[in-house]
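Working notes, structure below.
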Amino acid sequence: MIVSAKEMLEKARDGKYAVGQFNINNLEWTKSILQVAEELKSPVILGVSEGAGKYMTGFKTVAAMVKAMDEEMKISVPVAIHLDHGTYEGCYKCIKAGFTSIMFDGSHYPIEENIEKTKELVKVANAMGLSIEAEVGSIGGEEDGVIGMGECADPNECKQVADLGVTMLAAGIGNIHGKYPANWKGLSFETLAAIKEKVGDMPLVLHGGTGIPADMIKKAISLGVAKINVNTECQLAFQEATRKYIEAGKDLEGKGFDPRKLLAPGAEAIKQTVRDKIALFGSANKG
Ligand code: 13P
C-alpha cells in the first residue's frame with residue numbers, strides 16, 4: 001500500500017518505535033525490502049537518493065517500479081517512496097514523478113535560505129498530501145557525492161524549521177553516513193534531548209543508521225527518533241554475500257552464471273539485514 005510517511009511516523013512516535021528507511025538501488029533491493037516488510041508486517045520507507053534515481057534512469061522509473069511491485073507482490077503494509085537528501089529541483093522532479101514523500105536537504109544553505117526553501121516546499125507537499133522531511137545541521141560522511149562535515153544541530157534552528165509544518169525533521173547529532181570511524185564519539189544524546197525539548201511532537205529522523213550500536217538506537221528512539229535511515233549496511237551485506245558466491249566458484253557450476261542465481265545470495269543478505277533492523281527498531285507488526 002503506497003502512502004505518504006506521515007501517518008506511519010506519527011504512529012511510530014506515539015508507539016515509541018522507529019520506521020526504517022532503507023535506500024534502494026535496483027529491482028533486487030526494492031523486492032528484498034518489500035518482501036521483508038510484508039513478512040514482518042512492518043511499515044517501511046524506500047529511500048531514493050538523487051544518484052540512485054539517476055542510476056535507475058530517473059525518478060519516474062523508480063516510482064513506476066515501486067508502485068507495480070507493490071501491486072504485483074500484494075503488499076498490504078504501508079510503503080512510502082521517499083526522496084533522500086533532495087535538492088530543491090530534485091524535490092519538484094519527485095513530486096511530478098509520483099513519489100509520496102520528499103526530503104529537502106537545505107542543511108548546506110545558510111539557515112535563512114534553508115527556511116525559505118523548506119517553507120515553499122512544505123506548502124506544495126501539504127497541498128498534495130505528501131510527507132516532507134527537512135534537515136538542520138549536516139550529517140557527516142559522504143553519500144552519493146554529497147559530503148557533510150557532521151555537526152550537531154542548533155536546537156533553536158530545529159524549532160524554526162519544525163514550525164514550518166514539516167512532517168519529520170533530520171537533525172545532526174554526531175551521526176554520519178557510511179561506516180563509523182574507530183574514533184567516533186557516538187551520538188550526542190544531549191543534543192537530541194535539547195532538540196526534542198524544543199520541537200515537541202515532531203518525529204525526528206536519524207540518518208547514518210549503519211553501524212550505530214543497538215543500545216544507542218534504542219536510546220535515540222526513546223528520545224523521539226521515529227525514522228532511521230539505513231543504506232550502507234545493505235550494500236555491505238550484498239557485497240559480502242556476492243563475493244562469497246564468486247569466490248566459492250558457484251558462478252562456474254552448472255547455470256550458476258544465471259543472474260537470478262548470481263544475485264540471490266546478495267538479495268538474501270539484504271533481506272536478513274532489513275529483518276534485523278526492523279526487529280531492532282521495533283516496527284514489526286505495526287503495519
Ligand atoms: P548509512 O549509509 O550510514 O546507513 O546512512 C543512510 C542514510 O542516512 C540515508 O540518508
Side-chain angles (χ1 to χ4, degrees), residues 5 9 18-26 29-30 32-33 36 44-56 59 62 80-87 90-91 94 99 101-108 131-153 166-182 184-187 192 203-214 216-217 220-221 225-240 269-270 272-278 280-281 283:
L9 289 183
V19 177
Q21 172 191 309
F22 301 98
N23 284 45
I24 58 171
N25 290 287
N26 59 16
W29 247 258
T30 314
S32 303
I33 296 162
V36 173
V44 77
I45 298 168
L46 300 177
V48 185
S49 67
E50 297 208 355
K54 204 165 160 190
Y55 175 76
M56 290 183 268
F59 296 128
V62 177
I81 317 173
H82 178 74
L83 171 65
D84 189 29
H85 293 285
T87 58
C91 285
C94 285
F99 277 43
S101 188
I102 52 171
M103 173 187 189
F104 170 60
D105 181 356
S107 61
H108 50 284
S131 42
I132 175 165
E133 175 176 343
E135 178 170 327
V136 177
S138 79
I139 314 296
E142 188 267 349
E143 189 173 63
D144 260 341
V146 180
I147 299 167
M149 298 305 289
E151 55 188 54
C152 281
V166 298
T167 318
M168 59 267 202
L169 181 71
I173 55 166
N175 41 333
I176 63 170
H177 290 127
K179 293 181 185 173
Y180 284 87
W184 180 51
K185 291 194 194 73
L187 297 176
L192 180 56
L204 296 171
V205 183
L206 182 61
H207 282 247
T210 295
I212 298 179
M216 286 195 202
I217 292 279
I221 293 173
V225 165
K227 171 175 179 279
I228 303 176
N229 293 6
V230 178
N231 185 9
T232 308
E233 206 157 321
C234 289
Q235 298 184 3
L236 291 170
F238 179 87
Q239 170 252 338
E240 197 183 318
I270 293 173
Q272 197 48 49
T273 305
V274 175
R275 257 183 221 117
D276 294 346
K277 294 295 169 196
I278 286 179
L280 175 61
F281 300 165
S283 67

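Fair warning: this is a prediction, and the values are worked out from it, not measured in the lab. Just so you know, ligand 1 is whichever comes first in the structure, and atom 1 is the first atom listed for that ligand.
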- Task: Answer yes or no: does an N/O atom from Asp84 fall short of 3.5 Å to an N/O atom of ligand 1?
- Result: yes

- Does a side-chain heavy-atom distance below 4.5 Å link Leu206 with Ile173? yes

- Message: My understanding is that only residues two or more places apart in sequence, or in another chain, count here; which of them pass side chain to side chain contact (heavy atoms under 4.5 Å, CB included) with Ala18?
- Response: Ile221, Ile228, Phe281

- Message: Tell me if the aromatic rings of Phe22 and Trp29 count as close, with their centers under 6.0 Å from one another.
- Response: no

- Item | Atom indices of ligand 1, in the order listed, that fall short of 4.0 Å to a heavy atom of His85 | 10 (O)

- Task: Tell me, please: is Gly209 in heavy-atom contact with ligand 1, that is, under 4.0 Å?
- Result: yes

- Going by distance alone, is a donor N or O of one side chain under 3.5 Å from an acceptor N or O of the other, for His207 and Asn229? yes

- Message: Please list, in number order, the atoms of ligand 1 under 4.0 Å from a heavy atom of Gly178.
- Response: 1 (P), 2 (O), 3 (O)

- Just let me know how Thr232 lines up against ligand 1, side chain, backbone, both or neither, with a heavy-atom cut-off below 4.0 Å. both

- Message: Could you tell me, atom by atom, which parts of ligand 1 come under 4.0 Å of a heavy atom of Thr210?
- Response: 1 (P), 2 (O), 3 (O), 4 (O)

- Query: What are the atoms of ligand 1, with element, lying closer than 4.0 Å to any heavy atom of Val230?
  - Reply: 4 (O)

- Would you mind listing which atoms of ligand 1 come within a distance below 4.0 Å of any non-hydrogen atom of His207? 8 (O), 10 (O)

- Item | Met103 to Ala170 - nearest heavy-atom pair and separation | CE-CB, 4.2 Å

- Note on the structure: The answer for which part of Glu233 has a heavy atom under 4.0 Å from ligand 1 is neither

- Minimum heavy-atom separation for Val62 to Gly53, with atom names? CG2-CA, 4.3 Å

- Message: According to side chain to side chain contact (heavy atoms under 4.5 Å, CB included), who are the partners of Glu240, at least two apart in sequence or on a separate chain?
- Response: none

